[in-house]
Amino acid sequence: MSSPVALSSPSKTKARASVSPFWKRQFHTWHWMSSAICLVGMILFAITGVTLNHAGAIEADPKTQTLEAILPAGLLTELRAEPRGVPKGAAKVWLESEFDIELDGRRVEWSDSELYIALPRAGGDGWIAVDLASGEAVFEDTDRGAIAFLNDLHKGRDTGTAWSWFIDIFAVACVIFCVTGLLLLQIHARKRRSTWPIVGAGFVIPLCLTLFLMH
């Protein structure tokens, strides 16, 4: 009598063959590529997440610099005659070179007696004011330090268009990294019984903190 042959159940066979070798390779490739792209950014955002969470406990030592100059009479006349927007022409060039600033894209406030331009930036703040009667120009710049600079990078505060694009692209790369990681977890979960309990804990713990400990 021939010995019985153990047959795999169709469901198990189908489960093993549900993901083709091609897609397994794709998941691994996209996972390591996205992790490589995200590596430095994730370290930066993780560290600044801690510094932002403890911003009140981290002492800042802001340094303020104030500069004054007199706008030449000819340029002052030109400035008075300009439309009420960002200064242009020779007056703009003089202000930028005198105080080493960039005025394009800045928010400008005009009054009958003064031109005021806010100059916020990552890790600091600043402004310039020009007296339209006397031509006196006052520039003030405040540097809040390296930690404040990194915190502003984390928040995208006053960082410009290029950094805003970087944050968006970085976020997409992080999503790819996480989704491909989840797919790889699903592929290898058969051999690692603790996979789904750990994944579930990653969801349940923040959910419980949100529901019961936030107030």
### Message
What I'd like to find out is whether the side chain of Phe212 reaches to under 4.5 Å of the side chain of Leu209, using heavy atoms alone.
### Response
no
Nearest heavy-atom contact between Ala129 and Glu114 is CB-OE2, 3.6 Å
Separation between OG1 (Thr159) and NE2 (His154), nearest 0.5 Å, reads 12.0 Å
Phe139 and Ile101 have their tightest heavy-atom pair at CE1-CG2, 3.6 Å
Nearest heavy-atom contact between Cys174 and Met42 is SG-CG, 4.2 Å
Correct closest heavy-atom pair for Val138 and Trp127 would be O-CZ3, 3.7 Å
CZ (Arg144) and OG1 (Thr64) are apart, to the nearest 0.5 Å, by 10.5 Å
Rounded to the nearest 0.5 Å, the CZ atom of Phe45 sits from the CG atom of Leu52 at a distance of 10.0 Å
Check your understanding: With side chains defined as the heavy atoms from C-beta onward, is the minimum distance between Lys92 and Asp104 less than 4.5 Å?
Key -> yes
Task: Audit row: Asn151, Arg157, side chain to side chain contact (heavy atoms under 4.5 Å, CB included) steps and yes/no - done: CA-CA 9 Å; Asn151 287 346; Arg157 177 180 179 270; over 6 Å; no
- Are Ile117 and Leu67 connected in a single hydrophobic cluster, I mean Ile/Leu/Val/Met/Phe/Trp/Tyr linked by side-chain heavy atoms less than 4.5 Å apart? yes
Separation between OG1 (Thr180) and CE (Met33), nearest 0.5 Å, reads 11.0 Å
Nearest heavy-atom approach of Glu98 to Ala69 is OE2-CB, 3.7 Å
Any side-chain heavy-atom pair from Ser34 and Trp30 closer than 4.5 angstrom?
no
Is there a path from Leu103 to Trp94 through hydrophobic residues (I, L, V, M, F, W, Y) whose side chains come within less than 4.5 Å of each other?
yes
Here the gap from Thr210 atom OG1 to Ile205 atom CD1, rounded to the nearest 0.5 Å, amounts to 11.5 Å
Look at atom CH2 of Trp23 and say whether more than 12 heavy atoms of other residues, nucleotides or ligands are closer to it than 6.0 Å.
no
- Query: Can you check whether Thr51 reaches Leu150 side chain to side chain, under 4.5 Å on heavy atoms?
  - Reply: no
(message) Could you check whether any side-chain heavy atom of Glu82 comes within less than 4.5 Å of a side-chain heavy atom of Leu79, counting everything from C-beta outward?
(response) yes
| field | Gln186, CD: over 12 other non-hydrogen atoms inside 6.0 angstrom | value | no
The reported gap from CG in Leu76 to CD1 in Ile70 (rounded to nearest 0.5 angstrom) is 9.5 Å
query: Same hydrophobic cluster for Ile169 and Leu153, using side-chain heavy-atom links shorter than 4.5 Å among ILVMFWY?
result: no
| Path from Ile176 to Val199 over hydrophobic side-chain contacts below 4.5 Å | no
key: Side chains of Phe99 and Asp141 in contact at under 4.5 Å (non-hydrogen atoms)   = no
- Message: Main chain of Ala90, side chain of Glu78: is a donor-acceptor contact present, judged purely on distance under 3.5 Å?
- Response: yes
Is there a side-chain contact between Arg84 and Ser111, using heavy atoms and a 4.5 Å cut-off? no
### Query
Is Asp152 close to Asp158 at the side-chain level, that is, under 4.5 Å between some pair of heavy atoms?
no
With a cut-off of 6.0 Å (strictly less than), are more than 12 heavy atoms of other residues, nucleotides or ligands near CD of Glu59? no
Handout entry: Arg80 side-chain N/O to Leu132 backbone N/O, donor-acceptor pair under 3.5 Å
Key = yes
Taking every heavy atom of Ala189 against every heavy atom of Thr195, the minimum-distance pair comes out as CA-OG1, 3.9 Å
Checklist entry - Under 4.5 Å between side-chain heavy atoms, hopping through other hydrophobics if needed: is there a path connecting Phe166 to Phe149? => result yes
side-chain contact (heavy atoms from CB on, under 4.5 Å) test vs Ile167 passes for just one of Trp165, Phe170, Trp163, namely Trp163
